[in-house]
Amino acid sequence: MTSAGPVAVFGGTFNPVHLGHLRSAVELVERLDLEELRFMPCALPPHREAPGVDAATRARLVELAIAGAPRLTCDRRELARDGPSYTIDSLLSLRAELGAHRPLLLVMGSDALAGLAGWHRWEELLAHCHIVALARPAAALPAGDVVAAWLERHRVGVAALREKPAGGVHLLQLRPLPISATEIRGLVQSGRSARYLVPDPVLAYLERHALYRQEANDCQQ
Ligand code: ATP
């Protein structure tokens with residue numbers, strides 16, 4: 001890549017990826033004029049139970065979902081590491097790959113932001129990236145706690161995301177889409193349809209491989 005536009009990473013379990021993630025990604029690319037937005041599925045989430053569907057399958061679903069979409073890619077680096085998928089480790093390796101000057105944006109929903117103080121080495125994150133927090137309909141911004149105070153100190157406007165490689169927190173309100181992976185797993189498990197909440201190729205894959213039909217569904221590729 002020759003240009004030095006911002007690169008964003010959208011980390012998550014993506015169990016499965018859905019239109020809330022995908023529409024947010026498209027709007028982010030356009031609003032922030034991103035060079036690239038990488039979905040980065042985690043292998044082993046540090047803060048929640050191991051997903052019943054393995055990481056390679058969740059990454060495959062992301063790849064099916066974004067096939068042909070300009071500037072959207074899937075970054076499998078967390079699948080290549082053992083142990084919990086700590087975001088700080090991914091940021092260090094992304095920074096080494098992108099160089100010191102390229103703006104790097106870590107995207108997360110407001111629900112993830114609210115739990116940030118529980119993340120491994122969370123206070124080091126901004127040394128390596130900016131954080132872009134997306135408002136989610138069911139999750140308020142942190143208030144009156146350590147994350148709220150940190151947010152107040154580091155909050156920046158949109159211009160700072162291009163001017164510096166890292167260090168700011170930017171809050172963004174995109175089109176609110178109250179869709180969650182929990183809801184999709186629940187629909188499929190109870191025999192109802194997830195059509196139009198996930199892209200058609202993802203729906204077809206879920207049906208073909210009978211994913212999420214039982215509560216703890218082991219991957220069947
Ligand atoms: P689950 O219901 O299993 O917790 P989820 O739908 O929140 O899943 P994740 O894979 O955990 O999806 O989310 C990855 C990231 O995407 C998180 O930062 C989350 O806040 C964000 N996100 C998820 N759904 C939306 C949505 N509808 N709009 C904006 N951001 C979202």
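Order of listing sets the numbers, starting from 1, for every ligand and every atom in it.
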- Query: Counting only heavy atoms, which portion of S180 has something under 4.0 Å from ligand 1: side chain, backbone, both, or neither?
  - Reply: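 Looking at S180 and ligand 1, atoms from backbone and side chain both fall under 4.0 Å.
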- Taking heavy atoms and a distance under 4.0 Å, where does M108 meet ligand 1: side chain, backbone, both or neither?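 Within the 4.0 Å criterion, M108 contacts ligand 1 through backbone and side-chain atoms alike.
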Enumerate the atoms of ligand 1 whose separation from the nearest heavy atom of [X] is less than 4.0 angstrom.
X    : answer
G11  : 14 (C), 15 (C)
F10  : 15 (C), 16 (O), 21 (C)
T182 : 1 (P), 2 (O), 3 (O), 4 (O)
A112 : 18 (O)
S24  : 28 (N), 29 (C)

- Message: Here's a test for you: under side-chain contact (heavy atoms from CB on, under 4.5 Å), which of S85, P45, P84 qualifies with E78?
- Response: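 Looking at S85, P45, P84, the match for E78 under the side-chain contact (heavy atoms from CB on, under 4.5 Å) is S85.
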- So H154 and W150, would you call those rings parallel, tilted or perpendicular, with 30° and 60° as cut-offs?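 Ring orientation, 0 to 90° scale: tilted.
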Taking the minimum heavy-atom distance to [atom], which of [options] ranks first?
atom                    : options               : result
atom 12 (O) of ligand 1 : E27, H21, R23         : H21
atom 20 (O) of ligand 1 : T13, D111, V62, V17   : D111
atom 24 (N) of ligand 1 : E183, R58, R185, R136 : R136

Who's the nearest protein heavy-atom neighbour of [atom], and how far?
atom                    : value
atom 3 (O) of ligand 1  : R48 NH2, 2.9 Å
atom 17 (C) of ligand 1 : G109 N, 3.9 Å
atom 5 (P) of ligand 1  : A181 N, 3.9 Å

- Task: Give a yes or no answer on whether the side chain of R95 reaches the backbone of G99 with a donor-acceptor pair at less than 3.5 Å.
- Result: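 It does hold such a pair.
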